[in-house]
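Count residues from 1 along the sequence. Side-chain atoms are counted along with the backbone in the values below, which use heavy atoms only and exclude waters and symmetry mates.
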Amino acid sequence: MAAKDTPIVIKKYANRRLYNTGTSTYVTLEDLAEMVKKGEEFTVQDAKTGEDITHPVLTQIIFELENKDGQNMLPIPFLRQLISYYGDQMQMVVPSFLEQSMLAFSKEHERFREQMKSTFGKAPIDMMKGAAPMKALEEQTRRNMELFQNAMRMFTPFPMPGAGAAPAEPAKKDATEKPDELKELKDQLAAMQRKIDSMG
């Protein structure tokens, strides 16, 4: 296995086969998903061109997982909202926001696991037989989703398409007002970052 700071290279061949250069074995998308869960860093390269294709491969893993029965994790409203940002002026800041939100969510999740272990002396998964721990987990998940949704609302002051609000007028502003819009976006991004930091 490669060192933590050296990602394993996965080569993808024209026949769609994936080759793990760290273990010298062929792997599947499921194997890559397990590597992600274990925290193993890897990059995926096109075997012929050497191009980094990690992003589309990870996206494909999510697609495969979302299509398994009972595995849906991305709610339809979230997917619609995400799609609406493609090509939008907010597109460039969405990836950073999502990354920071997931980091905050992970920290909160780890804190919950530690609280469960210190309170009951067992890992949360060992406690799932009881009703009280399950309720606590549901409550924690609900709070995390509220934090995420509140941050999203702060980040998107403009009404979403189909939300029933009147069309926004700023689209008709002339070019001289663009710097003000950019300043507003930067201010909103800074406010969002402060909120995320306060959650950590």
Side-chain angles (χ1 to χ4, degrees), residues 5 7 9-10 12 29 32-33 35-37 39 41-46 49-68 71-111 140-200:
D5 56 349
V9 175
I10 308 293
K12 185 173 184 180
L29 289 177
L32 295 186
M35 288 173 71
V36 170
K37 290 174 184 177
E41 289 290 326
F42 63 85
T43 60
V44 185
Q45 296 176 359
D46 184 290
T49 66
E51 177 189 359
D52 187 332
I53 55 171
T54 308
H55 187 275
V57 169
L58 292 176
T59 305
Q60 186 180 358
I61 291 170
I62 292 171
F63 177 78
E64 297 283 336
L65 291 172
E66 283 288 309
N67 279 310
K68 284 187 178 179
Q71 291 266 82
N72 301 106
M73 198 162 52
L74 301 175
I76 289 175
F78 173 80
L79 291 172
R80 290 184 195 279
Q81 195 169 13
L82 193 59
I83 290 167
S84 73
Y85 286 127
Y86 284 93
D88 185 87
Q89 62 183 355
M90 301 296 278
Q91 180 176 341
M92 62 182 175
V93 291
V94 169
S96 174
F97 170 73
L98 291 177
E99 186 176 0
Q100 292 301 318
S101 296
M102 285 306 291
L103 283 172
F105 182 84
S106 294
K107 284 180 187 173
E108 193 66 28
H109 178 254
E110 193 53 41
R111 191 174 8 248
Q140 184 66 37
T141 303
R142 186 188 63 74
R143 279 199 305 264
N144 286 339
M145 286 308 293
E146 279 179 10
L147 285 171
F148 182 78
Q149 287 167 351
N150 288 339
M152 250 338 232
R153 274 195 286 277
M154 181 182 72
F155 183 65
T156 55
F158 311 108
M160 288 302 301
E169 280 187 32
K172 295 184 180 177
K173 289 183 179 178
D174 61 53
T176 59
E177 294 180 76
K178 292 251 185 229
D180 289 339
E181 290 178 6
L182 188 58
K183 184 183 180 314
E184 278 181 35
L185 285 174
K186 285 180 179 176
D187 290 345
Q188 290 165 8
L189 188 57
M192 177 190 67
Q193 186 63 51
R194 285 193 297 275
K195 179 138 184 153
I196 289 171
D197 290 343
S198 72
M199 290 189 292

Going from [atom1] on [X] to [atom2] on [Y], what distance comes out if it is rounded to the nearest 0.5 angstrom?
X: Ser84; Y: Arg80; atom1: OG; atom2: CZ; result: 11.0 Å
X: Gln60; Y: Leu32; atom1: CD; atom2: CG; result: 9.5 Å
X: Ile10; Y: Ile53; atom1: CD1; atom2: CD1; result: 10.5 Å

Ionic contact status for Lys107 with Glu110, cut-off 4.0 Å:
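Judged by the 4.0 Å cut-off on N to carboxylate O distance, Glu110 and Lys107 do not form a salt bridge.
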Quick one: side chain to side chain donor-acceptor pair (under 3.5 Å) partners of Thr54, sequence neighbours excluded?
Asp52
Please give me the minimum heavy-atom distance between Tyr86 and Leu82, naming the atom from each residue.
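Distance-wise, the nearest heavy atoms are CD1-O, 3.4 Å.
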[X]: partners by side chain to side chain contact (heavy atoms under 4.5 Å, CB included), with sequence neighbours left out:
X: Thr49; value: Asp46, Glu51
X: Asn72; value: Glu66
X: Val36; value: Phe42, Leu58
X: Lys68; value: Glu30, Gln71

Given the rule in the side chain to side chain contact (heavy atoms under 4.5 Å, CB included) test, do Asn67 and Phe63 qualify, once you have shown the distances and angles that lead to the verdict?
CA-CA 6 Å; Asn67 279 310; Phe63 177 78; 3.1 Å; yes
Polar side-chain atom of Gln91 near backbone of Gly87 as donor-acceptor pair, under 3.5 Å:
yes
